[in-house]
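Quick notes on the structure that follows.
These numbers were taken from a predicted model, which means no experiment stands behind them. Per chain, numbering begins at 1; letters A, B, ... match sequence-line order.
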Number of protein chains: 2
Amino acid sequence: MRKPVEISDLDAGHPIAIQKETLHDQVANRIRDLIIEGYLEPGSRIDETKLVQQLGVSRTPFREALRTLAAEGLIVIRPSKGSIVRKLTREDVYSMLEVLAHLERLSGELACQRASDEEIDDLLKLHGEMLVLYEKRDRLPYYKLNQEFHSRLSELSGNETLLRHQGMIQAQLKRIRFIGNRKPEYWAKAVSEHNEMADALKARDGARLGEVMSRHLMNTWDRVKDIV
Amino acid sequence: MRKPVEISDLDAGHPIAIQKETLHDQVANRIRDLIIEGYLEPGSRIDETKLVQQLGVSRTPFREALRTLAAEGLIVIRPSKGSIVRKLTREDVYSMLEVLAHLERLSGELACQRASDEEIDDLLKLHGEMLVLYEKRDRLPYYKLNQEFHSRLSELSGNETLLRHQGMIQAQLKRIRFIGNRKPEYWAKAVSEHNEMADALKARDGARLGEVMSRHLMNTWDRVKDIV
DNA sequence: TATCCTCATTTTGTATACAGAATACATGAA
DNA sequence: TTCATGTATTCTGTATACAAAATGAGGATA
């Protein structure tokens, strides 16, 4: 027999609670995806009338969503002149990578201090799977696992603020990194760096892990510097 | 005779252009101040009806402002249940300080690499003025100059993204730091650390400057840990 | 008394309406 | 033609209206 539903079970976040996403949030997520996937080009105007019709919502939640995206740095609202998708300059991208690399370093250091042996083992197991995919040159699954590897490593830092700010910068760079990833010539290097990370993690050598992670990220610059 | 006004002079940002702040932005700034100054207590509900009346605006720009503040992490919007001023947990504060300290370190390192001799001299001059105020135990002017010192040092990093993320975390911590600053017993220590910073800056020793700045900020934890 | 139900009230989320600003267009002068 | 000026149209910002959800106050029942 099933345990009866308690009031406390209905709190937000609990699996039983049906999640009601407001229109605002749905719209924000949708537009975010449109930007990341390249349907809305950087620098182009966001046609309120058109998008509102296509999404089937009124202007109120739509404009609220724009405010959110503006605060996230994905779009720019020019008073009385409409909104445009933010176009990152070369300097923007470099400064973001610089900060992100530095945050990755902190992730690495904290993860070595705070992760449990089990958590580290799990991550090393994931690393092993990535190696297998690399041998098979199985690009897309590798890419997915790579993202998971990095996000899980960051989680091991046990620092919500760190996670949040990494996430914000990642979101802004996602589009441009995606374009940069079409060049395959950096894969071998990336894998060797991942091996270094695995070693450092195994040894809980925070300084080393942090250094590799930071260096690893800064490679991104080589991949994207020609497209900004 | 005055130089005639050129078209290019009318670009946004130029002193001649009249600045028109939207209601939305004004409201966001206003509420931000109310939170930082403690008129809106952490955890308390934000009474839309009341505030809208007091501010003399309609709900539309008001709610847009809330979205902005939510994205900044100053308030929490609970769907269908109203908004509350975000109440930082102990963990929130510690994680923010941890990240902020790490970002300060980066500021220091970059500033040593990138600042001009003149910029460094100006900052050292400012440091000198702070020492004078410390000798006179002139608390408030010292506090103001201290803020300017840190923000100008960060600017010398030449990294807009760094500045932005530092600013976001600072805004969230501002209220609680203000409360913590009522204890005066850390002043001497702070001044000695500032001396260290000045030395490192003079020598353009980025690693050392970064280390001191990070340590300097982590002192904040001692001042605020009892009030969260 | 405590718990549940019902209904009135308030609050929230979304849509729409309207005014003012920006933009596009067209007409006329040099 | 090119530029300037005035006008129509579109778009943006704000207010208001309305529906749905949440809250709160009785009152009935055990």
Side-chain angles (χ1 to χ4, degrees), chain A residues 4-14 16-31 40 43-71 74-86, chain B residues 4-14 16-31 40 43-71 74-86:
Chain A
V5 174
E6 311 271 340
I7 293 298
S8 62
D9 290 340
L10 296 172
D11 284 358
H14 195 280
I16 279 182
I18 63 141
Q19 111 253 31
K20 63 189 94 166
E21 213 176 19
T22 60
L23 266 188
H24 155 99
D25 288 311
Q26 292 180 52
V27 171
N29 291 335
R30 197 87 192 70
I31 301 178
L40 294 174
S44 70
R45 224 173 67 79
I46 294 175
D47 190 333
E48 208 171 293
T49 326
K50 198 173 85 187
L51 272 172
V52 153
Q53 281 191 331
Q54 291 183 347
L55 295 172
V57 299
S58 77
R59 286 178 66 217
T60 311
F62 182 86
R63 303 192 88 242
E64 286 179 9
L66 290 189
R67 291 294 178 190
T68 301
L69 296 171
L74 282 172
I75 70 167
V76 177
I77 299 177
R78 304 162 307 174
S80 299
K81 295 188 169 182
S83 311
I84 57 174
V85 180
R86 180 167 173 202
Chain B
V5 174
E6 312 269 342
I7 293 297
S8 61
D9 290 341
L10 296 170
D11 285 359
H14 195 280
I16 280 182
I18 64 143
Q19 110 253 30
K20 63 191 96 171
E21 211 177 19
T22 60
L23 266 189
H24 156 98
D25 287 311
Q26 293 181 52
V27 171
N29 292 336
R30 197 85 193 71
I31 300 179
L40 293 173
S44 70
R45 224 173 68 79
I46 294 175
D47 190 333
E48 208 170 294
T49 325
K50 199 173 86 188
L51 272 172
V52 154
Q53 280 191 334
Q54 291 183 346
L55 294 172
V57 300
S58 76
R59 287 178 64 215
T60 311
F62 182 86
R63 303 192 89 240
E64 286 180 10
L66 291 189
R67 292 294 177 189
T68 300
L69 297 172
L74 281 172
I75 69 168
V76 177
I77 299 178
R78 303 162 307 172
S80 301
K81 295 188 169 183
S83 310
I84 56 174
V85 179
R86 181 167 173 202

I need the CD1-P distance between A:I75 and D:dT12, as an integer number of Å. 11 Å
Is there a side-chain polar atom (N or O) of A:S58 under 4.0 Å from OP1 or OP2 of C:dT14? no
List in chain and number order the residues that pass side-chain contact (heavy atoms from CB on, under 4.5 Å) with A:L55, two or more places apart in sequence or in another chain; answer none if no residue qualifies. A:V27, A:R30, A:V57, A:F62
Please state how far atom CG in A:D25 lies from atom C1' in C:dT14, giving the value in whole angstrom units. 14 Å
Residue whose nearest DNA chain D nucleotide is more 5′ - A:I46 or B:G56: A:I46
Have a look at A:T60 and say if it touches a base, only the backbone sugar-phosphate, or nothing, with a 4.0 Å heavy-atom cut-off. base
Give a yes or no on whether the backbone of A:R59 and the side-chain of A:E48 come within a donor-acceptor separation of less than 3.5 Å. no
Protein within reach of the bases, or only the backbone? For nucleotides 18-24 of chain C, mark each nucleotide 5' to 3' as B, S or -, using heavy atoms under 4.0 Å. ----SS-
How long is the straight-line distance from CG of A:L23 back to CD of A:E64, given to the nearest 0.5 Å? 10.0 Å
Table please: side-chain donor-acceptor pairs of residues 74-81 of chain A below 3.5 Å, with sequence neighbours left out.
unit_1	atom_1	unit_2	atom_2	d
A:R78	NE	A:G82	O	3.2
A:R78	NH2	A:K81	O	2.6

Among C:dA15, C:dT14, D:dA15, the nucleotide that comes nearest once only the side chain of A:T22 is considered: C:dT14
B:E64 atom CD is separated from D:dT16 atom P, nearest whole Å, by 16 Å
Does a nitrogen or oxygen in the side chain of A:R45 sit under 4.0 Å from OP1 or OP2 of D:dT10? no
Rounded to the nearest angstrom, tell me the gap between atom CG in A:L23 and atom C1' in D:dA21. 14 Å
B:L40 CG to B:S83 OG distance, which is reported to the nearest 0.5 Å: 11.5 Å
What is the distance, rounded to the nearest whole Å, between atom CD of B:E48 and atom P of D:dT23? 14 Å
Heavy-atom closest pair, residues A:R45 and A:I84: CA-CG2, 3.9 Å
